[in-house]
Each structure stands twice: as C-alpha cells, then as structure tokens.
Amino acid sequence: MKFLGLVAGVVMMAAVPVYAQTATIQVVGTGTVVAEPDMAVITLGVSEEARDAAAAMETVSSKVAAILDALAQAGIAERDVQTQNVSVSPVWNNTSTGNNPRITGFEATNTVAVRVRVLDSLGFVIDRVLDSGANQMNGLTFQITDDSALLEQARRAAVQDAMAKAQLYADAAGVTLGSVLTLQETGNMQETARMDMAMMAAPKGAPIAKGELSQTATVSMTFAIQQAGQDTGSTPE
C-alpha cells in the first residue's frame, strides 16, 4: 500500500497544469541602421557573334584583354577583377518560316565582375570599359567593405526595441517586467543598393548616385513577468 501511495504522488506531481509555470512576455525587436556605401561592384562583359565558334571567342577574348588592361590603367587591382562566365552557344536561324532549324553562327560571351573601391572614380572606370569594347552591363551594386560595425549597431538597436516593447506591454497589462529568459537572433539582412544599368548608355560623365545602405537585425526575446500582488516567494521580515 505504501508503494501504491508513492506512485500516486509521483503521478499527481507530473500532472501540474501548464498555467502554474512562470508567466512570460515574448516580443520581437527590429533594429535598422543606415550608412553610405564605400565600394561598388559592376558586372560587365563582351558578347560577339561569328560564323564559327573559334572566331567568336577570339574576338571576345581580344576585347576582354583590352578591358582588363583599361581597368589596370584605371587603378583597379587584379584581386578586384574576377571572371564570372565564359560561354559559347550556337545561333539558330529563324524557324518561324517553317524551314528546318540550322546553326547559322556562334555567340561567345565573357563576363567579368569588377570591384571599384574608390567610388569617385566609378564613372571614369565605366567610361574606360565601354571605350575598350564592353557591350554588356549586367548590374551595379553598392556595398560596404566591412559591415561588421553596422551589423553590431543594428543588433543593439534590435535588443533595445524588444526591451521597449516588452516594457510597454508590461505597463499596459499592469504587471512587472522581470529578467530576460531567452534572447535569439532570428535574422539579419543588408539592403544592397542597386542601379539600372540602362544609364550606362548615357553620355560620358553621367552622374551616379550611391545613396545609402541599410542593415537590419531582428531578435526574439522572452521576459519573465510578475502579476500585480504576486507573492515573490521571499520571507517577510
């Protein structure tokens, strides 16, 4: 009988209702900071057609070599230039007339990504590569070389935002905000400023606005709360 009584006591302890657990407030905080970019990445290339693949690639390679030389003369370091894609594909005749499809030539393409670390020279660099034979501009992205400090500020702002929200909810509910129980980063994102490369066809010296970049961090925080008049468990004096 004593053994049965002990088992019953264990079962009763396991059946403690969920509402007897610590009351909490859970909030999500977001922090966003902005800064001016200090670097740009342009993706450019050369695409040419010829009767045979070798001739197409030879023309492209010659123009890309001229572009690389122009970039070097513009002060762009070798480590800031990277080939992104080299391809050769057949060019087919127009089959809409009902003729059997056939290859009429080949198109060769070479695409290069270039980091420009001195933004004041960006317009000059673009002019040089266009003059050297680039006929494809696939994008321009502004970036921040080292965004660690920006991300740190965003994270601090996210925590402050979450704490302010938790305090507001506690005040509105008439409870006392307690200590932090959990804190988890749920995401961070940097907005990358982009521009339409169509403007590259504009007259030389066209102005380029670099704008601002934003870094956002999001955190989830859980706080303990104390109901009004709740016994804290301390021994009265």
Side-chain angles (χ1 to χ4, degrees), residues 28-48 60-61 63-87 108-162 184-220:
V28 174
T30 302
T32 300
V33 293
V34 297
E36 290 187 358
D38 59 7
M39 181 176 69
V41 178
I42 55 177
T43 304
L44 56 97
V46 178
S47 181
E48 295 289 344
V60 166
S61 297
K63 290 187 177 182
V64 170
I67 290 172
L68 296 180
D69 184 60
L71 289 171
Q73 292 183 25
I76 304 298
E78 289 187 8
R79 67 188 178 97
D80 290 328
V81 181
Q82 184 179 58
T83 299
Q84 297 291 293
N85 177 61
V86 178
S87 64
T109 302
N110 190 326
T111 306
V112 178
V114 182
R115 287 194 293 254
V116 181
R117 298 180 184 274
V118 181
L119 290 184
D120 289 343
S121 68
L122 181 56
F124 171 73
V125 171
I126 292 172
D127 286 345
R128 293 297 299 269
V129 297
L130 291 176
D131 289 340
S132 300
N135 57 15
Q136 287 191 343
M137 289 289 181
N138 300 323
L140 187 157
T141 304
F142 290 105
Q143 299 178 1
I144 295 177
T145 305
D146 183 4
D147 65 347
S148 56
L150 200 65
L151 179 57
E152 179 179 323
Q153 295 176 39
R155 285 169 170 161
R156 290 181 181 276
V159 172
Q160 294 172 1
D161 180 53
Q184 180 181 9
E185 183 176 50
T186 57
N188 64 76
M189 178 184 68
Q190 184 183 92
E191 179 186 86
T192 304
R194 300 184 64 86
M195 64 172 291
D196 186 356
M197 293 306 295
M199 74 166 293
M200 295 310 175
K204 294 181 182 297
I208 298 175
K210 61 183 179 179
E212 291 182 331
L213 301 179
S214 66
Q215 177 74 63
T216 300
T218 306
V219 297
S220 175

Output all residues satisfying side chain to side chain donor-acceptor pair (under 3.5 Å) with [X], sequence neighbours left out; order by chain, then residue number.
X      : value
Ser47  : Glu107, Thr109
Ser121 : none
Gln82  : Gln84
Gln153 : none

Side-chain donor/acceptor of Glu48 to backbone N/O of Ala108, under 3.5 Å: no
Any donor-acceptor N/O pair, Asp38 side chain to Thr145 backbone, under 3.5 Å: yes
Asn188/Gln215 under side chain to side chain contact (heavy atoms under 4.5 Å, CB included): CA gap, chis, key distance, verdict: CA-CA 7 Å; Asn188 64 76; Gln215 177 74 63; 4.1 Å; yes
Full working for side chain to side chain contact (heavy atoms under 4.5 Å, CB included) between Val41 and Val116: CA-CA 6 Å; Val41 178; Val116 181; over 6 Å; no
Which heavy-atom pair separates [X] from [Y] by the least distance, and what is that distance?
X      : Y      : answer
Ala158 : Ala217 : CB-O, 3.5 Å
Ser132 : Arg128 : OG-O, 2.8 Å
Ile144 : Ala35  : CD1-CB, 4.0 Å
Thr186 : Val219 : OG1-N, 4.0 Å
Glu212 : Val34  : OE1-CG2, 3.8 Å

Pairs satisfying salt bridge (Lys or Arg N to Asp or Glu O under 4.0 Å), at least one member in residues 108-118, at least two apart: Asp80-Arg115, Asp80-Arg117
Pairs meeting criterion salt bridge (Lys or Arg N to Asp or Glu O under 4.0 Å) with involvement of residues 67-79, two or more places apart: none
From Val114, Thr43, Leu122, residue fulfilling side chain to side chain contact (heavy atoms under 4.5 Å, CB included) relative to Leu140: Leu122
